[in-house]
Amino acid sequence: MTDQSGLMAAVDDSPKGGGLRALLGENLRQYGIMLALVLIVIFFAVWTDGRILMPNNLWTLVQQNAYVLILALGMLMVIIAGHIDLSVGSVVAFIGGVVGWLMFTYPFWHSHWYLAVGVGLGLGLIVGVWQGFWVAFVRIPAFVVTLAGMLLFRGLAQIVASRTMAGFEHGFNQIAGGSLPNFLGFAANPLNFLFKAGSPFGQDFDVVTLVLGLAGIAAIVITTLRSRQSQLQHNLTVESRTVMVIRLGVIGLAIFLITAVLSMNLIGGTPIVLVIVGALIFIYSFVTSRTTFGRHVYAVGGNRNAALLSGVKTARVDFLLFVNMGLLAAVAAIVTTSRAGAAVAAAGQNYELDAIASCFIGGTAVSGGIGKVGGAMVGALIMGVLNMGLSIRGIDANTQMAIKGLVLLLAVAFDLVSKRRSGVS
Amino acid sequence: MADNHILEMRDINKEFPGVKALQNVTFQVFNGEIHAICGENGAGKSTLMKVLSGVHPAGSYTGEIVYAGEPCHFKTIRDSERRGIVIIHQELALSPYLSIAENIFLGNERAKAGIIDWRKTTAQAVDLLEQVGLHENPNLRVVDIGVGKQQLVEIAKALSKDVKLLILDEPTAALNDDDSEHLLALMRQLREQGITCIMISHKLGEIMDIADTTTIIRDGRTIETFSMRGPDVTVDRIIRGMVGRPLDNRFPEHEPKIGPEILRIEDWTVHHPIDNERVIVDGANLTVNAGEIVGLAGLMGAGRTELAMSLFGQTYGSGISGAVYKNGQRIETKTVTQAIHHGLAYASEDRKRYGLNLIQTVKENITSAGLHQLARAGVIEVDAEAGVAETYRKDLNIRTPSVEVPAGKLSGGNQQKVVLAKWIYTDPDVLILDEPTRGIDVGAKYEIYAIIDRLADSGKGILVISSELPELIGVCDRIYTLSDGRITGCLDRAAATQEALMRLMTQTTDEEAETHA
């Protein structure tokens, strides 16, 4: 082909080098955050003499942090679109209060606890519609709307849950406290000769957990291979085979180890809440990467004007984001109330800050437009592991908070500095 | 005579990355005169004034500036202001929620040890307002007075700094006739007080009216300087100087295949989005035929982009009235979605702000306006999407290592191709291309022109907005001229010379009335 202009490609690098660097640069951030998590886990494993890796602690880690993982999913999208939501902690308290009050006060709701859960979810949608309306259609900055929401819903929570309401149906408490029933029996632990009798690591495996874990690994491998294949079909640059194999190997091994440890848990198998969180992570990964709605969220956050001029209904996107956030806050409220076994007005204190911090630690851009579900989840886990490790070592809560503050600051500083260096303005 | 110059700029050269904005510019201003600078958009007028006032600091340009007999090396605006040079930009630099008096003394407060002396502030503000003929309470907020009065506040502010050389960049562009008259009268009065004025303006009538001397700048060079008192000075003479950019762009050969009318706009009137009284586009009528490339020429502030954006989903303006017809059928284009649905596309003049999401990938930008074609029940078919992006990368020769690279990493020309790909993918019938080759190099321009020709040949109607007259003459089959929000003419390719276009582009309402009479 004759090149009329005779111009050299005016991109930064020659195609090959640029492509490689662009791919690595993008992924380095993702790998970096994962690596940070691994290092933190190893650090605490050493420092707590392996106690943080005990099956029961892993179980607790999941239980304790489910709310952050759930809220961070919604918060991630809100932040990508260039907003913020300061109200989620209060919303958790409010919805938990209403659901708890229903079940505590009325025998009908007590026994039909799943209907009360439905009411809670519906209420979450209504709260989302309320805040979304002000942000999207009256165009009040989300910071202000949700600051007002923070006060409003905390106030309502205190009215609804003026006293602690406890004593719910077993089924409701199982949401955060229970495990999947062990209907597939146990498998003998081939390594139990390595451990002393009675050691938590010498237990037999819960088969349901093992099956779920292996299914998860298979799903990740299959989707990776399929997307690689389709990228190759379209002549797109893909990561090298070695990198892919190593990456899959590490992820697979990690999931397998977690599964194995969880399946040895004396309390029993896979926490139900892990299944809920896992399903939500899967759904939101899909929504953000594969749906038009997800794409519009990134488009609005990256350049609102350009999105508008491309026919994106930006107000609708903003509205739906807050409706979604309300729904997820309701899920978090139910998990939190179930875990506590009680509805209290003080529930959900600082949850918004935990969720926001998870997103930022996980590489979500402060100015919007950039962020991944995986990153936010790892960010949340980093905070969770820090909490747990420091607690096991008996570090007091105030010091913990200070440490988390510094981690957040450093993570964002690292992000901004590396971005400035790579020159994407 | 030489001692009578208040200002001499000699051999000024100023470069921006890839562009020579000023080349050996020489510019002399007599003490106490009103000196007009004329030139097309992008000729280098504002750059020259920025060099003079220290916005572009000494060292970032070469050449000599001698002001009041002394060589000057201004590093900042403050340096030049200390010597009595004050520049008033087209975009007024007032703080809207501060009062008139506070604005006049902003950065120059009447204060002792950091504590403002309000009595002095108010008293002096009243004096200054008297001088500029503005009878308003100095405690009013600037946001509460009109643009014309704000302009006077700017001048009062300049007077408070003991201005000797006042530079006004398009001072009447945003003003109505009365306010313009008042401002011109004030400039005459300042001249009597011995203040020298440099005025950049597109309104040639005003220049004829008020200027003592005119300098014409074209493509970063001084073309000529002449006294307005000479016998043969006419608007035509100024126009001849302004136009005549070299025809150094090359254009692909193109034989138009013009079909039936595809788009018609009738009586299109648009008001300013905030100042609802101000008419930005005034009863415009315009048609585009299938397969035709139609140009829209106009100087800065004529209302070209505003016309396009008001048409495209009313993304500009308020109080929009008029009718749009597509293939003879009346259509509504009140939202962007409606406009796209009716087969309109608008590629903005400002790629970075309105055209692209620089942090999203090339692929995601290309599919952003036509994403619904790739989605089933809201789920994107990612394989197909990659295929679409790949097709356009090859088809439009977008130079990028991969379509997965952020759009911000591409050069200007390739970014523009991404914008075009995005709109072509929506399969529009009419494409409005606003400054499609702004800020891109000659080679990429040629490629863009070839794409435009291909689109027209496929039966689409194209409306090209451009500040470069040779470009319009080179690519368009027919060119409309816009002046002050009004369509002042429509020339066929054969009749479209730079001079003829510029005459229509600078035609004001009064002249129009005269020609009709």
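Residue numbering restarts at 1 for every chain, and letters A, B, ... go by the order of the sequence lines. Bear in mind the structure is a predicted one, so any value in this text is a computation, not a measurement.
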Proximity breakdown for B:Q360 and chain A, heavy-atom pairs closer than 4.5 Å: side chain
Choice from A:L308, A:V287, A:N303 maximising heavy atom contacts with chain B below 4.5 Å: A:N303
Chain A contact via B:T315 - side chain, backbone, both or neither, heavy atoms under 4.5 Å: side chain
Mutual orientation of the aromatic rings belonging to A:F286 and A:F282 [parallel < 30°, tilted 30-60°, perpendicular > 60°]: parallel
For chain A, the option from B:H372, B:M309, B:R353, B:E381 that forms the most heavy-atom pairs under 4.5 Å: B:R353
Proximity breakdown for B:K422 and chain A, heavy-atom pairs closer than 4.5 Å: side chain
Salt-bridge criterion met for B:D434 and B:R304 (N-O under 4.0 Å): no
Proximal component of B:T367, with respect to chain A [non-hydrogen, under 4.5 Å]: side chain
Whether B:W423 and B:F312 hold their rings parallel, tilted or perpendicular, with breakpoints at 30° and 60°: perpendicular
Whether B:Y316 and B:H272 hold their rings parallel, tilted or perpendicular, with breakpoints at 30° and 60°: perpendicular
Distance-only donor-acceptor check, side chains A:T288 and A:R295, under 3.5 Å: no
B:L356 versus chain A, the contacting section by heavy-atom distance below 4.5 Å: backbone
Side chain, backbone, both or neither of B:Q338 within contact of chain A (heavy atoms, under 4.5 Å): neither
CG-CD distance between B:L420 and B:E447, expressed to the nearest 0.5 angstrom: 11.0 Å
Note, B:Y392 side chain near B:V403 side chain (heavy atom, < 4.5 Å): no
Residue selection (most heavy-atom pairs with chain B, distance under 4.5 Å) from A:A307, A:A299, A:G294, A:G369: A:A299
